[in-house]
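First comes the structure, then the notes that go with it.
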Number of protein chains: 2
Amino acid sequence: MARSPQKKTSAPASGNAVTADLVAVLVAVTDGTPKIMTIAGGSALPSGPFEFTHRSLQTALRAWVEAQTGHPLGYVEQLYTFADRGRSGDARSPHSVSISYLGLTREDRVGEGFEAHWSGWYDYFPWEDHRDGAPAFIAKTIAPKLKTWAKAAPSPTLQRERWQRCAITFGLDDRDWNEELVLQRYELLWEASLIPEANHSRGREASVVPGKPMTADHRRILATGIARLRAKIKYRPVVFELMPAEFTLLQLQRSVEALAGRLVHKQNFRRLIEQQELVEETGAMAADTVGRPAKLFRFRHAVLAERAVAGTKLPLSRT
Amino acid sequence: MARSPQKKTSAPASGNAVTADLVAVLVAVTDGTPKIMTIAGGSALPSGPFEFTHRSLQTALRAWVEAQTGHPLGYVEQLYTFADRGRSGDARSPHSVSISYLGLTREDRVGEGFEAHWSGWYDYFPWEDHRDGAPAFIAKTIAPKLKTWAKAAPSPTLQRERWQRCAITFGLDDRDWNEELVLQRYELLWEASLIPEANHSRGREASVVPGKPMTADHRRILATGIARLRAKIKYRPVVFELMPAEFTLLQLQRSVEALAGRLVHKQNFRRLIEQQELVEETGAMAADTVGRPAKLFRFRHAVLAERAVAGTKLPLSRT
DNA sequence: CCATCTTATGCTCACGGAGAGTATAAATGG
DNA sequence: CCATTTATACTCTCCGTGAGCATAAGATGG
């Protein structure tokens, strides 16, 4: 970084010039399946060079997505910025800075005739879907391979630490599954060389763990996005960005479950939603359903103005 | 942004080249005062061009800080990336991308003879310190000015919305103070032109609200860092990065209070710390104290390996 | 028409965490 | 010895949350 702080309003780019890329994790939920927008046959996230004709990064991303989908992007949040020195390893290739964003939409909003597709995100992270319990291949395939990797550590202490890390992130040894550790799990599998992208020497030692790979570090970026979203839905009403204008409480629940990758207690879910006054009845009832018909609800946009957003966990004094 | 996703491994920079800057919010807590590292007489955060000789942004930041302070940087976290088209407004000046980081250290680790200084962060955000109750000037100065600003909105509805926003972020009208809304408060004051930095036409209409200004958007970046840190200390044991090797529970509590800007219930704070097994006794007692001497504790680094980190708020099913 | 299935919706219970207060112990300086 | 300051141990009360029971309201098949 800097030589000296004084030089911060620094000299024009010389050897210092880079290119800026945007990478987008665009999420939608359709029929209980979380999907992401992909290009290149599902092997990459939509991305492209940043055009400085826009006022801010956020504006640039919105403009681009709207051009692609024909509809405004509901919720946008910056994820992370990566810097590569010469992405391809070629020393002369330009340095690049990749700025990644998370965006929430609805699949049906996307116009036809684009090269982009929607892919289920569990295609890329099959071990993340615990809605029907932990996938069998975690115990059958992943856990043994991780154990082997842990045992390959040089010292017994390091072996224990490695395995403890595996057990925590994957909920092994009777630990609870923590759905938010998406990135940690991906990084662990990467370190253990169980991810195709990790084997730099041109994809031999092919996919040792199920899950579709992606270009460069796109799957890591996706993991970051999923983790962020799974954390966010717990303290911010962002799920509604993924819902149609009217929905039943079960549909809402299914969307949350799709994102979280685990099931939710129905009655408690409803209690939570209603006591927070997040929704209001439309008066209409859902049609075409099995079982007792459900009321239709809509999101109360007013709550966004009414309430602040943060949570607390300190033993605060009210005095 | 992108014209077409296909072009993502895009052409070398032409009109697209930018410079990459790092901006650091380096925090320490000394004697119950949260401090940040500043340069230029306290009017700017340390920053400088990113050198692509490093493997990653994080590495670059660490290396730079270690060169400055002579000690490793405990905790580092990326904050946000901003893009400006021509920072100075000069259309021909290079576009820049500023990547900001939050870092935690201890003041005494910094070597002497550097141009950097430590400034109390409440010098820049005096309205954020509620340890002795809400500062009087919030009710006396800020609230009335915000009321005026709210009333200046075109329609009655907008006026009410504006005021509601003010009341929420500043805890007015008998609302609770939410210490995490640091950025929201800064942005609100900015919008209401109560912040010198907001008055683009060369600092007339000088500081209408107490608090030291900063260069460019540095105070906004600092607000982002404070907000992030205030949120983080509640669910991650990062305070310990700011503590000496051994400390009393009261010292620990004072540090948390310094960061949060509000007081904490002593007994409950201890209960929380101890039941989470975050610390262990050193056996020694604190010297040079008034009142009954306190036990000295040290951070149990093992907890970082033992436990995962995330929290939950969904009505999950355990079955 | 009834039995059964499915989903919707209302209500209760138990447990644990968090805010708050009381009480006692151990040091210091007059 | 007493006032003061800080340390430390308990207790009490709410309330949020996980969990389960019970009932309602529709469809479907015999």
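In the text below, chain A, chain B and the rest are named by the order of the sequence lines, each starting its count at 1.
With rounding to whole Å, A:His265 atom NE2 is found 10 Å from D:dT17 atom C1'. In this entry the distance linking CZ of A:Arg254 with P of C:dT7 reads 8 Å, nearest Å. Between the CZ atom of A:Arg262 and the C1' atom of D:dG18 there is a distance of 12 Å, rounded to whole Å. The interatomic distance linking B:Lys295 (NZ) with D:dA9 (C1') rounds to 11 Å, in whole Å. Rounded to an integer number of Å, the gap from A:Phe269 CZ to C:dG10 P is 15 Å. In this structure, B:Gln276 places its CD atom 10 Å from P of C:dG17, rounding to the nearest Å. We find that CG of B:Asn268 is positioned 15 Å from C1' of D:dC15, with the value rounded to whole Å. Regarding A:Leu263, its CG atom lies at a distance of 14 Å from the P atom of D:dG20, rounded to whole Å.
In this model, a side-chain donor or acceptor of A:Arg271 finds a partner on the base of D:dG18 within 3.5 Å. Judged by distance alone with a 3.5 Å cut-off, no donor-acceptor contact links the side chain of B:Arg292 to the base of C:dA27. Judged by atom type and distance alone, B:Gln267 reaches the base of C:dT22 through a side-chain donor-acceptor pair under 3.5 Å.
Looking at B:Glu180 and B:Arg230, no side-chain N of the basic residue comes within less than 4.0 Å of a carboxylate O on the acidic one, giving no salt bridge. Comment: B:Arg106 does not engage B:Glu241 in a salt bridge, judged by the lack of any side-chain N to carboxylate O separation of less than 4.0 angstrom.
The side chain of A:Lys266 places no N or O atom within less than 4.0 Å of a non-bridging phosphate oxygen (OP1 or OP2) of C:dT7.
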**OP:** Tell me, with the steps shown, if B:Ile142 and B:Leu189 meet side-chain contact (heavy atoms from CB on, under 4.5 Å).
**Re:** CA-CA 9 Å; B:Ile142 295 185; B:Leu189 293 176; 4.1 Å; yes

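Minimum atom distance to the side chain of A:Thr248 is reached by C:dA8, of the listed D:dT6, C:dA8, D:dG18. Looking at the side chain of B:Ala294, the nearest of the listed nucleotides C:dT7, D:dA25, D:dT8 is D:dT8.
Side-chain polar atoms of A:Thr30 and A:Glu107 form a donor-acceptor pair below 3.5 angstrom.
Relative to the six-membered ring of B:Trp177, B:Arg185 meets both conditions, a distance below 6.0 Å and an angle of at most 45° to the axis.
Position along DNA chain D of the nearest nucleotide to B:Leu249 versus A:Pro293 favours B:Leu249 as the more 5'-ward residue.
Residue-level contact check: B:Leu250 touches the backbone only, with heavy atoms under 4.0 Å from sugar-phosphate atoms and none from bases.
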